[in-house]
Every structure is written in structure tokens, then in C-alpha cells.
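Working notes, structure below.
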Amino acid sequence: MRMTVPSFRSRKGSDPPLVVLTAYDAATTAVAEAAGVDCILVGDSLGMVVLGHDTTLKVTVDDMVHHAAAVGRCRENALLVVDMPWL
């Protein structure tokens, strides 16, 4: 069953706890979905983890859209949350 914002909010603080995983690509998303995570976060930390920047400040909206699209194509049930880059 697809996680929605209302269902995510209603589970906050309950048992079992919500499970959130950061993913930047299709492969990680497939593993997260198979594990049944509740939410997948595409974080601006991709600037350092994937793109090799020394800070998240160099991440652009286009970078975030590119990685969010990759995750979104494979996401089936987890709620998808995407950071906005600085400024």
C-alpha cells in the first residue's frame, strides 16, 4: 500500500517506528522498496556522496530533480521526500 503524507503523519511516534532511508538512484530505491521502508529521502547530501562536492551548497535544483526522477521511477510504496538545495 502506497504511503501518503496523512498516513505517514498518523504513524509518527507509534509502534512500529517509521523507517526512512536516503537514496539517490534506482538501485538503492529497489532495495529500499524490497525492504519495505516507509519513506525514501533524496537529500542534498548527494552533492558530497554522489557528485563529489565538498559541501551541499553546490547542489542545484536540476541535480535534485535528476536524482528524484531516478528514485521516483522505481518507487512503488514508500513516500518520496526531496530536499530543496540551499538558496
Side-chain angles (χ1 to χ4, degrees):
M1 184 168 157
R2 184 167 270 198
M3 180 66 75
T4 64
V5 171
S7 59
F8 189 86
R9 289 187 72 189
S10 71
R11 290 240 342 257
K12 185 177 177 184
S14 66
D15 218 15
L18 291 163
V19 177
V20 180
L21 180 78
T22 299
Y24 311 113
D25 57 31
T28 308
T29 302
V31 171
E33 283 287 340
V37 301
D38 299 303
C39 180
I40 298 172
L41 169 68
V42 179
D44 62 357
S45 56
L46 73 88
M48 296 180 299
V49 176
V50 177
L51 302 177
H53 296 306
D54 58 350
T55 177
T56 61
L57 299 178
K58 297 175 184 174
V59 175
T60 66
V61 171
D62 288 340
D63 293 332
M64 297 306 297
V65 168
H66 173 82
H67 289 273
V71 170
R73 281 189 289 272
C74 296
R75 178 185 68 97
E76 295 177 14
N77 295 310
L79 180 67
L80 176 58
V81 175
V82 183
D83 280 353
M84 291 293 292
W86 181 255
L87 300 174

**Prompt:** Sub-3.5 Å donor-acceptor pair from the side chain of R2 to the main-chain atoms of E76, do we have one?
**Reply:** yes

**Prompt:** Do L18 and F8 pass the side chain to side chain contact (heavy atoms under 4.5 Å, CB included) test, and can you show the C-alpha distance, the side-chain angles, and the key distance before you say yes or no?
**Reply:** CA-CA 8 Å; L18 291 163; F8 189 86; 3.7 Å; yes

**Request:** Measure the spacing between CE of M48 and OG1 of T56 and express it to the nearest 0.5 Å.
**Result:** 5.5 Å

**Item:** side-chain contact (heavy atoms from CB on, under 4.5 Å) involving C74 - partner list, sequence neighbours excluded
**Value:** A26, T29

**Fill in**
In this structure, CG of D44 is separated from NE2 of H53 (nearest 0.5 Å) by 11.0 Å

**Over all atoms of both residues, closest heavy-atom pair of V71 and A23** = CG2-O, 3.8 Å

**Item:** Atom of P85, atom of M64 and distance for their closest heavy-atom approach
**Value:** CD-CG, 3.8 Å

**Message:** Contact between H66 and L46 at the side-chain level, heavy atoms closer than 4.5 Å - yes or no?
**Reply:** no

**D38 side chain to V19 backbone, donor-acceptor under 3.5 Å** = yes

**Asked** Does a side-chain heavy-atom distance below 4.5 Å link L80 with V82?
**Response** yes

**Prompt:** side-chain contact (heavy atoms from CB on, under 4.5 Å) with V31: which residues, sequence neighbours excluded?
**Reply:** none

**Prompt:** Under a 4.5 Å side-chain heavy-atom rule over Ile, Leu, Val, Met, Phe, Trp and Tyr, are M3 and V20 clustered together?
**Reply:** yes

**Prompt:** Are any non-hydrogen side-chain atoms of P16 and R11 less than 4.5 angstrom apart?
**Reply:** yes

**Complete:** Here the gap from E33 atom CD to I40 atom CD1, rounded to the nearest 0.5 Å, amounts to 5.0 Å

**Request:** Find out if a path of hydrophobic residues (ILVMFWY) with successive side-chain heavy-atom gaps under 4.5 Å connects L57 to L51.
**Result:** no

**Request:** May I ask whether V49 and V42 are part of the same hydrophobic cluster, defined by side-chain heavy atoms of I, L, V, M, F, W, Y residues being less than 4.5 angstrom apart, directly or through others?
**Result:** yes

**Request:** Sequence neighbours left out, what passes side-chain contact (heavy atoms from CB on, under 4.5 Å) with V81? Give chain and number order.
**Result:** C39, L41, L79

**Asked** If only atom types and distance count, is the side chain of T28 paired as donor or acceptor with the main-chain N or O of D25 below 3.5 Å?
**Response** no

